[in-house]
Amino acid sequence: MENRNNDNRFVKSFRHSAPYIHAHRDRTVVLVFGGEAVASQGFADLVHDIALLHSLGIRLVLIHGVRPQVEARLEATGAIIEYARGLRITDDDALACVKEAAGTVRMEIEALLSMGLANTPMSGACIGVTSGNFVTARPLGVRDGIDYCHTGEVRRIDTAAIRQHLAERRIVLLSPIGYSPTGEIFNLSAGEVATAVASGLHADKLIFMTEGHTLRDNRRRRIYQLTLQDAKSLLHSRRRLDDSTRKCLHHAIQACSSGVRRVHLLDRNTDGVLLLELFTRDGHGTLITAETYEGLRPANIDDVGGILELIKPLEDEGILVRRSRELLEIEISHFLVIERDGTIIGCAALYPSKDEKLAELACLAVHPDYHNAGRGAALLQSVEARAWQEGIEKLVVLTTRTAHWFRERGFLAGNMGDLPAGKKALYNYKRNAKVYYKSLH
Ligand SMILES: CC(C)(COP(=O)(O)OP(=O)(O)OC[C@H]1O[C@@H](n2cnc3c(N)ncnc32)[C@H](O)[C@@H]1OP(=O)(O)O)[C@@H](O)C(=O)NCCC(=O)NCCS
């Protein structure tokens, strides 16, 4: 019995992951982790998860840090470690340590990715890994009177070469090191390299594996998602953020502003966090999304007029149930809208029922000029995310003409019994709408 339950659970969760597996195939993901992750006990597991992503067809660029490894080497030689503005001043001794540490860490990662022992998660893996001179650097130079010596900044990324290796199904592994046309070596920040690579490649995702710095709101709840604007406001707000989170947010804003669609901040201490983030609905970190020319957001009272204008023709046709302005004003907090250049072009509402685990999705509409571009799906996804966050386990919808649209998105035909009690009492038999439901576990 126990085994059968486990089997069922496995099958269910594997099936739930299927849409994400399809969605991520052939996508380009840039993943950056610090030297702390490399030195940690769970690093082999992280590498196994990376290998799994590779085997699912995700194009991966990995960037590793070396800070603790360099510090350990410098300490061992009794050298003084100097930082200015959070950047290491890389003198000749430090550069020697950086070279040694970067070489060692890179080899350790390559070795882990080359494993293929039977009875390990890497059995049968056979992964090609490429490193090389993809990053051109220049010196930071002298700033405010401080000479940063061999500490550099990114000047150029050879994106064409990286793309070629990714197309050949190889993982590209980069150290925080760059070379200058004068033949010198520069120590770079791994975050900066990752941001430049992700921006240059217009990567689908840039993932920061942080040292446990989860973004939380004022009530200590995890922040699931930030728009580019939210991220900027947070960075410039008076909220106390640790240095590392500040840097990540700064890089995320830079990346989102230069063509990276999504940036994820994940706590690398959580076992399997990459898999949770990429293959479950709710993810496990904070997602920062690039701003678009239009936005999907919770509605406010100023949107009532726009929503009424959008849904009026659909009400007239009997596709949507009629709502008065007064009712809409009362219920506005249930709505999400898509606003484009000041016009409401899409909306959807989530009505939780008294039974807290059940909610109704209603009033889903996209302006006909903007059909067939995924906006309906985006609204549905946001409603589902909101429902999930509110602990709702089942969504129901009443529809007269859109049944197939819902069926194609995981809804199943139901009956009156699936409706919340209050809704049953109000059911309009003349409309003869069909009931569909979707489980959100
Ligand atoms: C249903 C609706 C919200 C979809 O919006 P959208 O932004 O066009 O949706 P998407 O772009 O995510 O999906 C488009 C896909 O759905 C299909 N589709 C659209 N309406 C459909 C319907 N009534 N039945 C089945 N499929 C439908 C399109 O053909 C397209 O499929 P394709 O990509 O394979 O060609 C929009 O058509 C609408 O506002 N309809 C009127 C209101 C309505 O019926 N609301 C639901 C009642 S609660």
Side-chain angles (χ1 to χ4, degrees), residues 18-20 22-23 25 261-262 281 289 292-299 303-324 327-328 331-341 343-353 358-388 392 394-416 418-420 422-424 426-440:
Y20 300 98
H22 298 308
R25 183 169 304 124
R261 287 177 44 220
R262 289 165 165 238
R281 177 194 359 248
T289 47
T292 48
Y293 53 95
E294 66 180 46
L296 196 166
R297 58 170 173 77
D303 300 320
V304 169
I307 296 176
L308 281 172
E309 211 166 301
L310 170 71
I311 62 178
K312 172 101 182 21
L314 296 164
E315 290 176 352
D316 291 346
E317 275 193 73
I319 296 174
L320 295 181
V321 179
R322 210 167 275 286
R323 280 176 175 75
S324 67
L327 186 64
L328 201 55
E331 295 181 341
I332 194 68
S333 63
H334 296 311
F335 276 74
L336 293 169
V337 289
I338 298 181
E339 179 183 342
R340 184 185 167 102
D341 295 335
T343 307
I344 302 299
I345 61 157
C347 69
L350 178 76
Y351 289 95
S353 66
L358 180 65
E360 186 195 353
L361 159 67
C363 206
L364 172 69
V366 171
H367 190 284
D369 289 354
Y370 299 100
H371 277 177
N372 298 333
R375 292 184 180 85
L379 280 164
L380 175 61
Q381 205 180 17
S382 294
V383 166
E384 286 181 10
R386 185 189 259 203
W388 178 254
I392 286 157
K394 187 171 155 189
L395 270 187
V396 288
V397 65
L398 279 165
T399 180
T400 50
R401 297 198 211 166
T402 322
H404 276 230
W405 191 88
F406 287 108
R407 278 177 54 191
E408 286 172 24
R409 283 152 188 84
F411 282 77
L412 299 172
N415 53 44
M416 292 279 287
D418 294 301
L419 291 178
K423 191 76 195 173
K424 263 182 240 165
L426 293 174
Y427 183 80
N428 178 346
Y429 285 91
K430 238 167 85 196
R431 253 188 113 232
N432 195 20
K434 301 275 178 288
V435 180
Y436 281 82
Y437 72 91
K438 183 171 182 177
S439 279
L440 297 180

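In listed order, ligands and their atoms are each counted from 1. If you're wondering where the values come from, they're calculated on a predicted model, not measured in any experiment.
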Fill in the blank from the handout: If you scan protein heavy atoms around atom 47 (C) of ligand 1, the nearest is L320 CD2, 3.9 Å

Exercise for the section: Indicate yes or no: does an N/O atom of A377 lie under 3.5 Å from an N/O atom of ligand 1? Expected result: yes

Exercise for the section: Say whether F406, considering both its backbone and side-chain N or O atoms, lies within less than 3.5 Å of an N or O atom on ligand 1. Expected result: no

Handout entry: Test item: R409 side-chain N/O and W405 main-chain N/O as donor-acceptor pair under 3.5 Å
Key = yes

Practice task
Please state which part of L364 comes within less than 4.0 Å of ligand 1, counting heavy atoms only: side chain, backbone, both or neither.
Solution key: both

Exercise for the section: Name the closest protein heavy atom to atom 38 (C) of ligand 1, giving the residue it belongs to and the distance to 0.1 Å. Expected result: H371 NE2, 3.5 Å

Fill in the blank from the handout: The reported gap from CG in L310 to OH in Y370 (rounded to nearest 0.5 angstrom) is 11.0 Å

Practice task
Mark whether atom 2 (C) of ligand 1 lies under 4.0 angstrom from at least one protein heavy atom.
Solution key: no

Problem - Closest contact, heavy atoms only, L358 versus L419 - result: CD2-C, 4.2 Å

Exercise for the section: Enter the distance from L364:CG to I311:CD1 here, rounded to the nearest 0.5 Å. Expected result: 11.5 Å

Handout entry: Contact check, R409 vs ligand 1, heavy-atom distance below 4.0 Å
Key = yes

Handout entry: Y370-ligand 1 polar pair, N/O distance under 3.5 Å
Key = no

Exercise for the section: Ignoring angles and geometry beyond distance, decide whether W405 reaches within less than 3.5 Å of ligand 1 through its nitrogen or oxygen atoms. Expected result: yes

Completion exercise
min-distance protein heavy atom vs atom 7 (O) of ligand 1 -> G376 N, 2.8 Å

Problem - Contact check, A362 vs ligand 1, heavy-atom distance below 4.0 Å - result: no

Problem - For atom 39 (O) of ligand 1, the protein heavy atom that lies nearest, with its residue and separation - result: V366 N, 2.8 Å

Handout entry: Parallel, tilted or perpendicular, as decided by the 30° and 60° cut-offs, for the rings of Y351 and H334
Key = tilted

Exercise for the section: Would you mind telling me if ligand 1 is within reach of the side chain of L314, the backbone, both or neither, using heavy atoms under 4.0 Å? Expected result: side chain

Handout entry: atom 13 (O) of ligand 1 within contact range, any protein heavy atom under 4.0 Å
Key = yes

Problem - Pairwise distance CG(L395) to CG(L361) - rounded to 0.5 angstrom - result: 6.0 Å

Handout entry: C363, any N or O under 3.5 Å of ligand 1 N or O
Key = no

Exercise for the section: Could you tell me which residues satisfy side chain to side chain donor-acceptor pair (under 3.5 Å) with R261, sequence neighbours excluded, listed by chain and number? Expected result: D204

Handout entry: Distance-minimising heavy-atom pair for V366 and G376
Key = CG2-N, 3.7 Å

Practice task
Do me a favour and list the nearest non-hydrogen protein atom to atom 11 (O) of ligand 1 with residue, atom name and distance?
Solution key: G374 N, 2.7 Å

Practice task
Within a distance under 4.0 Å of any heavy atom of I319, pick out the atoms of ligand 1 and give their elements.
Solution key: 42 (C), 43 (C), 44 (O)

Practice task
Output the distance between atom CG (N432) and atom OG1 (T400), rounded to the nearest 0.5 Å.
Solution key: 9.5 Å

Handout entry: A413 to Y437 - nearest heavy-atom pair and separation
Key = O-CE2, 3.6 Å

Handout entry: V397 N/O to ligand 1 N/O under 3.5 Å
Key = no

Exercise for the section: List in chain and number order the residues that pass side chain to side chain contact (heavy atoms under 4.5 Å, CB included) with K312, two or more places apart in sequence or in another chain; answer none if no residue qualifies. Expected result: D316

Practice task
Could you tell me whether atom 33 (O) of ligand 1 has at least one protein heavy atom nearer than 4.0 Å?
Solution key: no

Problem - Distance-only N or O hit between ligand 1 and A373, under 3.5 Å - result: yes

Problem - Donor-acceptor under 3.5 Å (T399 side chain, T402 main chain) - result: yes

Handout entry: Within-cut-off N or O pair, H404 and ligand 1, under 3.5 Å
Key = no

Problem - Rounded distance [0.5 Å steps], CG in L412 versus NZ in K394 - result: 10.0 Å

Exercise for the section: Tell me whether the centres of the aromatic rings in Y436 and F411 are closer together than 6.0 Å. Expected result: no

Completion exercise
Note: E408, heavy atoms under 4.0 Å from ligand 1, region reported as neither

Handout entry: Non-hydrogen protein atom less than 4.0 angstrom from atom 16 (O) of ligand 1
Key = yes

Exercise for the section: Provide the number and element of each atom of ligand 1 under 4.0 Å from a heavy atom of A365. Expected result: 39 (O)

Problem - Any donor-acceptor N/O pair, E315 side chain to R323 backbone, under 3.5 Å - result: yes

Problem - Short N or O distance, N372 and ligand 1, threshold 3.5 Å exclusive - result: yes

